[in-house]
Amino acid sequence: MIDLRNISYQYENGEEVLNNFNLALKPGDKIGLVGPNGSGKTTLFKIIMGLLTPKQGEVIIFDQKREKEEDFVEVRERVGFLFQDSDDLLFCPTVEEDLAFGPLNLGKSKEEAKRIVNETLDIIGMKGFEKKVSHRLSGGQKRMIAFGAVLAMQPEVLLLDEPFSGLDEEAVEKMVDILNNTDKSYLVVSHNEDLIDKVTNKLYYMNE
Amino acid sequence: MIDLNQGFAQGSSWVHQLDPRVKIMTIFLLAVILAVGESIIMLLQALAFTTYLVLAAKLELKKVLKRLVVVNFFILGIWVFVPATYPGDALMQVGPLSISTAGVIYATKITLRSNAIMLGIIALLSTSTVSSLMQAMRWLYVPEKIVYLFFFVYRYVHVIWKEFNRLYDSMLMRGFKAETNLHCYKSYAYLIGMLLVRSYERSTRVYEAMLCRGFRGEFHNLDDLSFSNQDLKIFSGILVFISWIIILERGVFLI
């Protein structure tokens with residue numbers, strides 16, 4: 001589904017983070033990315049989503065080479081990316097609107113969007129949060145709603161950047177449960193090695 | 001002043017249920033008339049009207065007063081300076097200063113004006129959710145860019161405020177004291193500079209997150225606006241009142 005070949009990336013200041021990096025995600029793969037800070041994990045996700053362009057290498061997603069901005073429109077519709085900071089992802093006044101934002105962009109009708117909102121809240125165990133004000137939620141609640149906002153787009157692949165950060169024990173269990181029961185493939189970055197072991201079936205180690 | 005927590009937006013009074021388009025048009029008309037109006041009788045009636053709206057919306061009066069205090073704090077400044085410096089017949093003499101009648105009238109008008117407009121905004125705008133106001137603005141052909149600017153300012157003022165507090169707290173934790181010296185000014189400049197940089201970076205990330213969720217330059221709404229019979233009745237009533245205060249204003253103006 002995702003095939004990265006010989007990817008190298010350099011920051012504007014010349015610092016190199018990825019050097020000839022290869023990664024393949026196949027259906028059913030649940031891959032954990034482990035590595036120190038600054039080893040380019042988030043950069044990698046941004047390259048997959050087309051937010052950053054690698055200096056060299058090939059990005060092949062859903063069997064197509066992706067190079068230009070237009071190529072990534074389809075990728076963004078089929079791949080869900082959970083940002084590290086929930087406040088970046090949740091920008092609508094209410095939870096309901098945040099969850100509906102993606103589905104409406106995909107051309108779903110209002111009724112369908114509302115149905116998806118309800119289903120998603122059910123999945124993440126946050127029923128009754130529809131009308132809550134997004135920015136007033138606690139860090140953990142925001143994390144869960146941000147995850148919901150990604151799920152609401154019904155993506156085929158998930159890219160999860162520190163999904164467990166700020167979650168309490170109960171929410172962590174819920175998240176682990178959701179991830180273990182989904183048939184979607186995903187890449188997950190986390191510094192919590194115990195949790196990453198629980199939700200993945202492959203590990204990639206990244207060096208600085 | 002936008003209610004960051006949307007605290008006032010929750011309620012079921014008729015003011016809350018009023019179509020946001022009617023609310024925006026009303027507050028716009030009122031603000032224009034009050035801003036140019038000179039008649040004290042007209043200003044008093046408008047103040048009574050907006051006070052009535054606040055009461056009808058059944059808002060928590062303590063919170064409303066708190067907001068009024070902020071506005072009136074600035075007006076206090078006007079009361080200190082204007083009556084003493086405004087040219088005109090002296091009303092009384094306080095030491096070397098002569099308080100002019102015209103100055104007192106002028107300050108009174110400003111007080112009435114600002115409070116009436118403020119109460120109107122609290123009663124009408126903060127009783128609607130931000131998304132319904134956005135929809136109403138778009139329906140009224142307010143330029144899209146202004147609507148989105150309004151929307152994002154609303155959403156991120158809070159985040160930037162928190163960021164400011166975090167940075168400032170960490171300065172205090174490291175022994176920073178506000179003094180009159182170069183080091184202090186420099187630190188404040190860094191703080192503001194950092195805030196700008198962070199806000200810019202955040203805006204980039206928010207936009208990226210929107211792109212990742214299929215955003216292509218167009219916002220879709222979840223709820224539709226509906227103009228009910230009751231809205232029509234209330235709007236007619238409001239228009240009658242607005243015509244009345246215009247007549248009041250013009251009448252006094254002509255004499």
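The figures here come from the full heavy-atom set of this structure, side chains too, leaving out hydrogens, waters and symmetry mates. Just so it is clear: chains get the letters A, B, ... in the order the sequence lines come, proteins before strands, and each one is counted from 1. These numbers come from a predicted model, not from an experiment.
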Trainee: With side-chain hydrogen bond (donor to acceptor under 3.5 Å, both in side chains) as the rule and sequence neighbours excluded, what pairs involving residues 47-61 of chain B come up?
Mentor: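 Passing the test, one end in residues 47-61 of chain B: no pairs.
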Trainee: Taking atom CZ of A:F72 and atom SG of B:C212, what is their separation to the nearest 0.5 Å?
Mentor: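 With rounding to 0.5 Å, CZ (A:F72) is 10.5 Å from SG (B:C212).
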Trainee: Which atoms of A:L82 come close to chain B, meaning under 4.5 Å heavy atom to heavy atom: side chain ones, backbone ones, both, or neither?
Mentor: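 When you check distances to chain B, no heavy atom of A:L82 falls under 4.5 Å.
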Trainee: Can you tell which part of A:E96 gets under 4.5 Å to a heavy atom of chain B, answering side chain, backbone, both or neither?
Mentor: both
Trainee: For B:R213 and A:E77, indicate whether the former's side chain and the latter's backbone hold a donor-acceptor pair under 3.5 Å.
Mentor: no
Trainee: Can you confirm whether B:W14 is buried at CH2, in the sense that more than 12 heavy atoms of other residues, nucleotides or ligands lie under 6.0 Å from that atom?
Mentor: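 Result for CH2/B:W14: enclosed.
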Trainee: Do B:R205 and A:L51 pass the side chain to side chain contact (heavy atoms under 4.5 Å, CB included) test, and can you show the C-alpha distance, the side-chain angles, and the key distance before you say yes or no?
Mentor: CA-CA 10 Å; B:R205 290 198 306 271; A:L51 299 172; over 6 Å; no
Trainee: Sort A:A152 into side chain, backbone, both or neither according to what part of it lies under 4.5 angstrom from a heavy atom of chain B.
Mentor: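 For A:A152, neither part sits under 4.5 Å from chain B.
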Trainee: Please examine the side chains of A:K131 and B:T129, heavy atoms only from C-beta on, and report whether any two atoms are closer than 4.5 Å.
Mentor: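 Counting from C-beta outward, B:T129 and A:K131 never come under 4.5 Å.
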Trainee: Taking every heavy-atom pair that is under 4.5 Å apart, which of A:V75, A:D85, A:V79 has the most such pairs with chain B?
Mentor: A:D85
Trainee: Measure A:Q84 against the heavy atoms of chain B and call it side chain, backbone, both or neither at under 4.5 Å.
Mentor: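 Neither part.
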Trainee: More than 12 foreign heavy atoms under 6.0 Å from OH of B:Y190: is that the case here?
Mentor: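 Check fails, neighbour count at 12 or below.
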Trainee: Got A:F81 and B:E208 here, is their nearest side-chain heavy-atom distance under 4.5 Å?
Mentor: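 They are not in contact (no side-chain heavy atoms under 4.5 Å apart), so the answer is no.
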Trainee: Would you mind reporting whether A:R76 and B:F215 have side-chain heavy atoms less than 4.5 Å apart?
Mentor: no
Trainee: Could you check whether atom CD of A:E169 has more than 12 heavy atoms from other residues, nucleotides or ligands sitting under 6.0 Å from it?
Mentor: no
Trainee: Look at the aromatic rings of B:F151 and A:F91 and report parallel, tilted or perpendicular, splitting at 30° and 60°.
Mentor: perpendicular
Trainee: Considering only heavy atoms from C-beta outward, does the side chain of B:R216 approach that of A:N105 to under 4.5 Å?
Mentor: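 Of all side-chain heavy-atom pairs linking A:N105 with B:R216, none is under 4.5 Å.
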Trainee: So for B:Y207, is it side chain, backbone, both, or neither that comes closer than 4.5 Å to the heavy atoms of chain A?
Mentor: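 The answer is neither part of B:Y207.
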Trainee: Can you tell me how far the NE2 atom of B:H158 sits from the CG atom of A:D87, to the nearest 0.5 Å?
Mentor: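 One finds 8.5 Å between NE2 of B:H158 and CG of A:D87.
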Trainee: Given heavy-atom pairs under 4.5 angstrom as the criterion, report whether the side chain, backbone, both or neither of B:M134 touches chain A.
Mentor: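 For B:M134, neither part sits under 4.5 Å from chain A.
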